[in-house]
Amino acid sequence: MSDAQEQSIGASVTSAAVFGASGGIGHALVKELADRGVDRIYAGSRSGNAPGGETIIPFRFDYEDPASIEATANIMAEHPPQLVIVATGVLTLPDGTGPERSYKQLDGVTMARVLQANTIGPALVAKAMLPLFDRKQRSVFAALSARVGSIGDNGIGGWHSYRASKAALNMLVKNFAIELGRTHKQAVLASLHPGTVDTALSEPFQSNLPDGQLTGAQEAARNLLSVIEGLTPEQSGHQFDWKGERVPD
């Protein structure tokens, strides 16, 4: 990547928000945005933890407390972000419950928890943040999804709750893109597949990966920002992988 490309986000975005700044990819995204010269970076997590820096503004939010998400919009109203990234997600629950390999393992409570984290929470972030976008300037809302959320690309099944939650997220991003596109002609909404990244989310499943398939968090952040920078309003509503290639719906 050239120096000009690396600086493009900093040149075009003065304010950005990352939801999930304490996670592996979210933390890396905040640092990368700071390195690229973004003037104001809102960094949100349930704990309130975020990378340190003069341009980084930590905030707390919790998907189980919708009012906390709405409150973030009030915090950002004076200097609204042109870029919002939702970098949250769950594959294995805190109690160790992992993705179901068979429909026989389905449990309603587990499914609800996964959908809350991967679908409902990001949707509530969109509800709070999209009204802050300028109608005439380029703005981007990006949510981390996964290739396994693609219905067209699903050839092996399994991982029912996780797949369903990401598929639903992709559909919501498409819906939001259609709705916002009527009034915000320069807006871009996309779901992004970061690849398999060396984070706590993927750690239980790394042992069987082929050599070279695991990506470091900082490299993943650079890849994602490069994809975001290249997206156009005509591509709004779709999912793209870390190389910028469209993932089948």
Side-chain angles (χ1 to χ4, degrees), residues 1-61 72-73 75-76 78-89 122 125 129 132-134 137-146 186-203 212-232 235 239-245:
M1 184 185 304
S2 68
D3 290 342
Q5 286 176 308
E6 288 186 352
Q7 296 302 319
S8 57
I9 284 280
S12 62
V13 174
T14 60
S15 180
V18 177
F19 287 76
S22 63
I25 297 177
H27 187 277
L29 283 165
V30 171
K31 291 179 63 179
E32 189 67 21
L33 288 167
D35 289 345
R36 297 188 184 201
V38 176
D39 294 336
R40 183 182 298 267
I41 305 162
Y42 301 101
S45 66
R46 189 166 58 180
S47 65
N49 295 329
E54 293 183 0
T55 61
I56 298 170
I57 303 171
F59 67 90
R60 298 175 184 270
F61 76 99
T72 65
I75 294 172
M76 302 176 197
E78 187 173 352
H79 300 282
Q82 295 104 19
L83 170 62
V84 176
I85 305 176
V86 181
T88 59
V125 171
M129 301 306 297
L132 299 181
F133 283 175
D134 190 288
Q137 295 183 353
R138 183 180 191 269
S139 299
V140 178
F141 177 91
L144 295 195
S145 187
Q186 300 303 313
V188 178
L189 290 85
S191 48
L192 302 177
H193 168 58
T196 304
V197 183
D198 189 9
T199 64
L201 184 145
S202 69
E203 185 175 4
Q213 189 169 328
L214 191 65
T215 304
Q218 209 61 44
E219 181 182 357
R222 289 192 291 268
N223 292 338
L224 292 170
L225 291 179
S226 294
V227 173
I228 287 170
E229 183 62 28
L231 292 177
T232 67
Q235 294 172 303
Q239 181 183 182
F240 298 87
D241 69 11
W242 58 274
K243 295 178 289 186
E245 297 178 357

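Throughout, residue positions are numbered sequentially from 1 according to the sequence presented. Quantities reported herein were computed from a predicted structural model and do not represent experimental measurements.
- Distance check, rounded to the nearest 0.5 Å: CG of Leu29 to CD of Gln218 gives 8.0 Å.
- Closest approach of Val38 to Ala16, counting heavy atoms only: CG1-N, 4.1 Å.
- Checked by atom type and distance alone, the side chain of Arg60 pairs as donor or acceptor with a backbone atom of Ser47 at under 3.5 Å.
- How far CZ of Phe59 is from OG1 of Thr72: 5.5 Å, rounded to the nearest 0.5 Å.
- Counting only heavy atoms from C-beta outward, the side chains of Ile56 and Val30 approach each other to under 4.5 Å.
- Using a 4.5 Å heavy-atom threshold, the side chains of Val86 and Phe141 count as touching.
- Looking at every heavy atom in both residues, Ser139 comes nearest to Asp134 through OG-N, 4.0 Å.
- Interatomic distance, OG of Ser15 versus CD of Gln82, reported as 6.0 Å (0.5 Å rounding).
- In this structure, CE in Met76 is found 10.5 Å from CZ in Arg40, a value given to the nearest 0.5 Å.
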Step by step, would you call Ser22 with Arg46 a side chain to side chain contact (heavy atoms under 4.5 Å, CB included)?
-> CA-CA 8 Å; Ser22 63; Arg46 189 166 58 180; over 6 Å; no
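- The shortest side-chain heavy-atom distance between Ile25 and Leu224 falls under the 4.5 Å cut-off.
- The shortest side-chain heavy-atom distance between Leu192 and Ile85 does not fall under the 4.5 Å cut-off.
- The side-chain heavy atoms of Pro194 and Asn223, taken from C-beta on, include no pair separated by under 4.5 Å.
- Here the closest non-hydrogen pair linking Val197 and Ala220 is CG2-CB, 3.7 Å.
- In this structure, the side chain of Gln235 engages the main chain of Thr232 through a donor-acceptor pair within 3.5 Å.
- Enclosure of atom CZ in Arg138 by more than 12 non-hydrogen atoms of other residues, nucleotides or ligands within 6.0 angstrom is indicated.
- Among all heavy-atom pairs drawn from Ala43 and Ala21, the shortest one is CB-CB, 3.7 Å.
- Nearest heavy atoms, Ala34 versus Thr55: CB-OG1, 4.2 Å.
- Atom NZ of Lys31 sits about 12.5 Å away from atom CG of Leu33, to the nearest 0.5 Å.
- In this structure, CD1 on Ile75 lies 11.5 Å from CZ on Phe61, to the nearest 0.5 angstrom.
- Within the 4.5 Å cutoff, side-chain heavy atoms of Arg222 are placed close to those of Arg36.
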